[in-house]
Amino acid sequence: MDALTRVNPTPEWPPATIIALLVTALAYIITIAHRPPSRSRNDRTPKPLATGYCPSLLSTWRFFNDRHGFYNEGVAASSTGNFSHAVGPHRLIGLSRAAGREAFFHRREMEMVEGFTIFFPTVDPSQIEPSTGWHEYQINGHIVRTMRTENLRRCLPSMLAFAADAVTAHNGTSSSLVDPFDVADRLVFQFTMSAAGFDDERAASASLAGLGPALLRKIEGSTGSGSVLVPWLRTPGYRRRVAAIRELAGYLGDAVRESERGVDGVLRVLMEKGLSMGEVVTYLMATLFAAQINTPLMAAWLLVYLSRNEHWMAQVRAELDAALTRYRPSPQETPLHILQHVPLETWESDFPMLDLCLRECIRMHLTATTYRRNCSDRDIPIGDTGEVVPGGAYAFYILEEAHANPAVYPDPETWDPARFSPGRAEDKGTPLAYLGWGAGRHACLGMRLAKLEVAVVVASIVATFDLTLCNQLGRPLNCAPKANRYSKSAHPPAEEVRLRCCTRN
Ligand code: HEM
């Protein structure tokens, strides 16, 4: 027995070796399974960015980790501005220029939900049914209903009250340091809860307004290469996403149950129609996610730019002061009180300067990638390039291509709202040059609420305080932080900033 053990010892491999072997095996399987499709002579798919296993794998890595570099290189290397790449088992076409944008945004066959379901899966994978689009069309119908005038008019007083509470909390002392990104995050969550139909107690819940945005960011941040390349593997990212989705769904379900009699607006309509709790929570998650992903960031960036720009602060204040004068019921009223009397129509039509500033913030900070799938079995021509998006293929587009193009927007790194003023209208000469609210078949359905939410946050703060941009320690900064145009989605600045808020005379 002793001799046997000596002749055939059980190999003892260090864990690091075992892990290295497993990783190599997995990489090999992924490479073989996802080899780039071969091109036939008359294949009109845009040319691949990379061929062969190794370059292809490297490009796939860059698609996930250096998205803008990958895209810009693909566009630059192609005579038409379009290119293709196999990402896992999917054929993905990168589109650019007027012809690419036209095919991407305007063709009926280019389906949005199916594109996002694969490349940006923010839903619980167990609920994904690509063929039915995860009930997305019904949800869009509910979101459209949320934007109706009577609904916005209903929730506006609550939104103004939440903003007044937040501002008053910082107004006790002569000056206080505020993180605009945090304030906007909480307020927008409360506003959207109210717009969906929650009563004030539930919508204003301080714990949910803190937790909700954090969970939504966790869901957004947990999608990555694993969910596309090995969707069957329960990666840590997958587990984080599912846990965050379930946690938030649990809180929202509880809030709906607690306020069963108190709900209003779309929530009430859905409950009266007898929709299941799952369907109601799905509507809430989709609406909160769509609202939270960009709106608070844009409101906060707008405050940051205004704090460093006297000219635009004066423009925004002039139109705000005009409204305050018009709706002041008595001389003693504070700006926050007067804002409660400003009707929806004024919020929506009488702040054109604020709207120009928001438009410019979105141009500079909405760095998102957007996806489509050609859901037909027919090829879609890409203008007169001779190329097509084949039936069943996926396509992506990075909004930067339009928004940072110096031929359209001279000096694109400079925040300059006047570029959209009627005299200059830099975006008007080029087709689909401004995509801040999307375009064509999938334009933003929440623009009305988003603009109202941004206006209420900005007006409440700007009407009450003089603002000084500072670093975290309260030291004044003499310029606004730079936009990170290469991030995968809109972001706060890399170095945290604060606003010193001094009560305005
Ligand atoms: C400043 C804030 C916002 C910005 C910059 C923004 C921007 C956009 C853009 C660029 C798209 C098109 C995406 C694409 O083509 O792939 C889009 C679509 C969409 N947005 Fe917004 N959005 C904002 C706020 C909101 C809000 C508050 C909601 C709802 C509560 C919302 C709901 C939607 C929906 C449902 C779609 C998809 C439409 C469809 O499926 O056809 N958005 N948004």
Side-chain angles (χ1 to χ4, degrees), residues 95 100-108 110-120 122-123 133-148 151-152 155 159 184-185 187-197 213 216 265-266 282-302 354-355 357-373 375 394-403 432 434-458 489-491:
L95 293 173
R101 295 197 291 269
E102 177 69 26
F104 189 91
F105 287 101
H106 282 306
R107 287 298 298 236
R108 194 171 45 84
M110 295 294 264
E111 198 29 74
M112 181 182 189
V113 174
E114 296 221 5
F116 276 86
T117 299
I118 295 299
F119 289 98
F120 191 58
T122 49
V123 292
W134 188 58
H135 310 300
E136 204 76 17
Y137 296 105
Q138 258 167 299
I139 291 175
N140 279 358
H142 305 328
I143 291 179
V144 168
R145 193 174 286 138
T146 312
M147 303 303 141
R148 284 189 188 155
N151 191 49
L152 296 183
C155 64
M159 289 167 59
D185 226 20
L187 279 177
V188 166
F189 190 83
Q190 294 176 327
F191 294 173
T192 312
M193 289 281 283
S194 179
L216 288 166
V266 180
T282 301
Y283 154 73
L284 287 170
M285 297 276 282
T287 307
L288 287 164
F289 187 83
Q292 207 67 27
I293 195 168
N294 290 314
T295 320
L297 287 164
M298 298 307 155
W301 275 109
L302 210 164
L354 186 62
D355 200 45
C357 294
L358 172 60
R359 207 171 164 75
E360 179 66 338
C361 286
I362 295 174
R363 183 191 70 79
M364 290 189 66
H365 293 281
L366 190 69
T367 50
T369 308
T370 169
Y371 302 96
R372 299 286 187 269
R373 184 182 193 195
C375 279
Y394 292 87
F396 80 110
Y397 179 75
I398 295 190
L399 301 182
E400 278 304 282
E401 196 256 343
H403 291 172
L432 298 170
Y434 186 78
L435 295 160
W437 299 107
R441 295 186 52 77
H442 294 287
C444 180
L445 296 179
M447 182 176 74
R448 237 184 131 180
L449 177 63
K451 285 186 172 187
L452 185 63
E453 293 184 330
V454 170
V456 171
V457 172
V458 173
S489 56
H491 258 69

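Hydrogens, waters and symmetry mates play no part in the numbers below; they use all other heavy atoms, side chains included. When a ligand or atom number is given, it counts from 1 through the structure's own listing order.
Counting heavy atoms under 4.0 Å from ligand 1, residue E111 does not touch it at all. Under 4.0 Å from ligand 1, the heavy atoms of R372 that appear belong solely to its side chain. Within the 4.0 Å heavy-atom criterion, the part of N140 lying near ligand 1 is the side chain and not the backbone.
You'll find the side chain of Q138 stays beyond 4.5 Å of the side chain of Y283, heavy atoms only.
For atom 38 (C) of ligand 1, the nearest non-hydrogen atom from the set A443, G438, C444 belongs to A443. Between atom 32 (C) of ligand 1 and the options A286, A290, A291, A299, the minimum heavy-atom separation is to A290.
Short contacts between ligand 1 and L435, defined as distances under 4.0 Å to a heavy atom of the residue, involve ligand atoms 10 (C). Within the listing of ligand 1, atoms 1 (C), 2 (C), 24 (C), 27 (C) sit less than 4.0 angstrom from a heavy atom of T295. Close approach of ligand 1 to F105 is summarised as follows: ligand atoms under 4.0 Å from at least one heavy atom of the residue are 15 (O). Within the listing of ligand 1, atoms 2 (C), 24 (C), 27 (C) sit less than 4.0 angstrom from a heavy atom of A450.
For the ring-ring contact (aromatic ring centres under 6.0 Å, His included) with Y371, the qualifying choice from Y397, F120, F119 is F119, the only one to do so. E453 pairs in a side chain to side chain contact (heavy atoms under 4.5 Å, CB included) with only one of the listed residues (V457, L449, V456), which is L449.
Distances between N or O atoms of N294 and those of ligand 1 include no value under 3.5 Å.
A distance-only check finds no donor-acceptor pair linking the side chain of H365 to the backbone of M298 [under 3.5 Å]. Of the possible polar contacts, one joining the N151 side chain to the T146 backbone as a donor-acceptor pair under 3.5 Å is found.
In this model, no donor atom of one side chain and acceptor atom of the other lie less than 3.5 Å apart for Q292 and T192.
Using a 4.0 angstrom heavy-atom cutoff, Y371 does not count as in contact with ligand 1.
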